[in-house]
Amino acid sequence: MNLKKPNILVVEDNRVNALVVQNFLKKLGLDSEWVVDGLKALIRIQNNPNIDLIFMDLSMPLMDGFEATLKIREFEQAQQLPKTLIIALTAHASRCEIERCFEVGMQAHLSKPILIEVIAHTLEVVCGYSVAKNGFLH
C-alpha cells in the first residue's frame, strides 16, 4: 500500500465534470490539479513529472485521452521515469473503448456518471491507495 497522498491530475474538458471528480477526491482527503485537455496534461507532465495519478477524460479537443496517454508513456520511457497511473473517465463504455484504454497504457476505466465509492474503490484496488487506512477519508 502506498502511504503518501498521491499527486493527482484531473484531465477533463467539461468544468462541471472536473468539479465533480475534484469534489469527490476532496471528500476523500485528496487534492488535485485540473487541466482542460490532453495536450495541457502532457505539457504539465513534461514540465514537472511529479504526478502520481491521472483521471483522464477520453473525448477532448486538441488531444484526446488516448493520444495523451500514448504521448505521456513515450515521455516517461524516454526520460526513464516510472509510469504514472492513468484512469480513464468517459461516458462511453463500449468493450472496444475499454480494451483500447488498456492497449494505450491506462490502468483502469471508469464510466460516467462517476460515484465517490467507485473512485475510493479504484484508488485502493487499482492504485494501491487505501483511502480509509491512510486517513484520507474524512
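Everything numeric in this text was worked out from a predicted model, so none of it was measured. FYI, side chains are in, hydrogens and waters are out, and symmetry mates aren't considered; it's all heavy atoms of this structure.
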S.K.: Is there side-chain contact between Pro49 and Phe75, with heavy atoms separated by less than 4.5 Å?
M.R.: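 In short, these two side chains touch, coming nearer than 4.5 Å.
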
S.K.: The test is side chain to side chain contact (heavy atoms under 4.5 Å, CB included); show your working for Phe55 and Ile119 and say whether it passes.
M.R.: CA-CA 10 Å; Phe55 284 95; Ile119 289 178; 4.1 Å; yes

S.K.: Can you hop from Phe24 to Ile86 via hydrophobic side chains spaced under 4.5 Å?
M.R.: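 No, it is not one cluster - the side chains of Phe24 and Ile86 are not joined through contacts under 4.5 Å.
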
S.K.: Do Asp64 and Leu58 come within less than 4.5 Å of each other through their side chains, counting heavy atoms only?
M.R.: no

S.K.: Taking the side chain as C-beta and beyond, is there a heavy-atom pair between Leu25 and Val10 under 4.5 Å?
M.R.: yes

S.K.: Main chain of Phe66, side chain of Arg100: is a donor-acceptor contact present, judged purely on distance under 3.5 Å?
M.R.: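 No; judged by distance alone, with no hydrogens or angles, the pair does not exist.
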
S.K.: At their closest point, which heavy atom of Leu30 faces which heavy atom of Pro6, and how far apart are they?
M.R.: CD2-CD, 3.7 Å

S.K.: Look only at the side chain of Trp34 and the backbone of Glu12, and say whether a donor-acceptor pair between them is shorter than 3.5 Å.
M.R.: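 Yes: the side chain of Trp34 pairs with the backbone of Glu12.
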
S.K.: I'd like to know whether NZ of Lys112 has more than 12 heavy-atom contacts from other residues, nucleotides or ligands below 6.0 angstrom.
M.R.: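 It does: Lys112 NZ has more than 12 such atoms within range.
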
S.K.: Which atoms form the tightest heavy-atom contact between Asn14 and Val16, and what is the distance?
M.R.: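 Heavy atoms only, the tightest pair is OD1-N, 2.9 Å.
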
S.K.: Counting C-beta onward and ignoring hydrogens, is there a side-chain heavy-atom pair between Leu89 and Met56 closer than 4.5 Å?
M.R.: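 They are not in contact (no side-chain heavy atoms under 4.5 Å apart), so the answer is no.
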
S.K.: Taking atom CD of Gln77 as the centre, does the number of heavy atoms from other residues, nucleotides or ligands within less than 6.0 Å exceed 12?
M.R.: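 No, not enclosed.
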
S.K.: Quick one: pull up OG in Ser59 and CG in Asp13 and give me the separation to the nearest 0.5 Å.
M.R.: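 Spacing of OG (Ser59) from CG (Asp13) equals 8.0 Å.
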
S.K.: Could you tell me whether the side chain of His109 reaches within less than 4.5 Å of the side chain of Glu97, counting heavy atoms only?
M.R.: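 They are in side-chain contact.
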
S.K.: Between Ala108 and Thr122, what is the shortest heavy-atom contact and its length?
M.R.: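 In this case the closest contact between Ala108 and Thr122 is CB-CG2, 4.3 Å.
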
S.K.: Please check if the number of heavy atoms outside Arg95 that lie under 6.0 Å from its CZ is greater than 12.
M.R.: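 No - once you tally the heavy atoms of other residues, nucleotides and ligands closer than 6.0 Å, there are 12 at most.
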
S.K.: Side-chain heavy atoms nearer than 4.5 Å, only ILVMFWY residues, links allowed to pass through others: does that put Leu110 and Leu28 together?
M.R.: yes

S.K.: State whether the side chain of Lys5 and the backbone N or O of Gly29 hold a donor-acceptor pair below 3.5 Å, judged by distance alone.
M.R.: yes

S.K.: May I ask you to test the Leu53-Ile8 pair for a side-chain heavy-atom distance under 4.5 Å?
M.R.: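 When only atoms from C-beta onward are counted, Ile8 and Leu53 do touch, with a gap below 4.5 Å.
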
S.K.: Report the distance from atom CZ of Arg44 to atom CD1 of Ile51, rounding to the nearest 0.5 Å.
M.R.: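 It comes to 4.0 Å.
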
S.K.: Would you confirm whether Arg73, through its side chain, and Thr84, through its main-chain N or O, come within 3.5 Å as a donor-acceptor pair?
M.R.: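 The answer is yes, because a donor-acceptor pair under 3.5 Å joins these two groups.
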
S.K.: For Thr69 and Met106, which heavy atoms make the closest approach, and how far apart are they?
M.R.: OG1-CE, 3.1 Å

S.K.: Using side chain to side chain contact (heavy atoms under 4.5 Å, CB included), reason through Ile54 and Ile72 one step at a time and then give a plain yes or no.
M.R.: CA-CA 11 Å; Ile54 299 172; Ile72 289 168; 3.9 Å; yes

S.K.: Do the side chains of His121 and Val118 get nearer than 4.5 Å, heavy atoms only?
M.R.: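 No, every pair of side-chain atoms sits at 4.5 Å or beyond.
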
S.K.: Is the backbone of Val11 close enough, under 3.5 Å, to the side chain of Asp57 for a donor and an acceptor to pair up by distance?
M.R.: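 Absent.
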
S.K.: Considering non-hydrogen atoms only, spot the tightest contact between Gly38 and Ala68 and give its length.
M.R.: CA-CB, 3.6 Å

S.K.: Is it the case that the side chain of Asn7 and the backbone of Asn50 share a donor-acceptor pair, with hydrogens and angles ignored and the cut-off at 3.5 Å?
M.R.: yes

S.K.: Less than 4.5 Å apart, side chain to side chain, heavy atoms only: is that true for Val126 and Leu85?
M.R.: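 No, their side chains stay 4.5 Å or more apart.
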
S.K.: Rounded to the nearest 0.5 Å, what's the gap from NZ on Lys40 to CG on Asp37? Could you check?
M.R.: 4.5 Å

S.K.: Which atom names give the shortest non-hydrogen contact between Glu76 and Lys83, and what distance separates them?
M.R.: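 Minimum heavy-atom contact is OE1-CA, 3.5 Å.
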
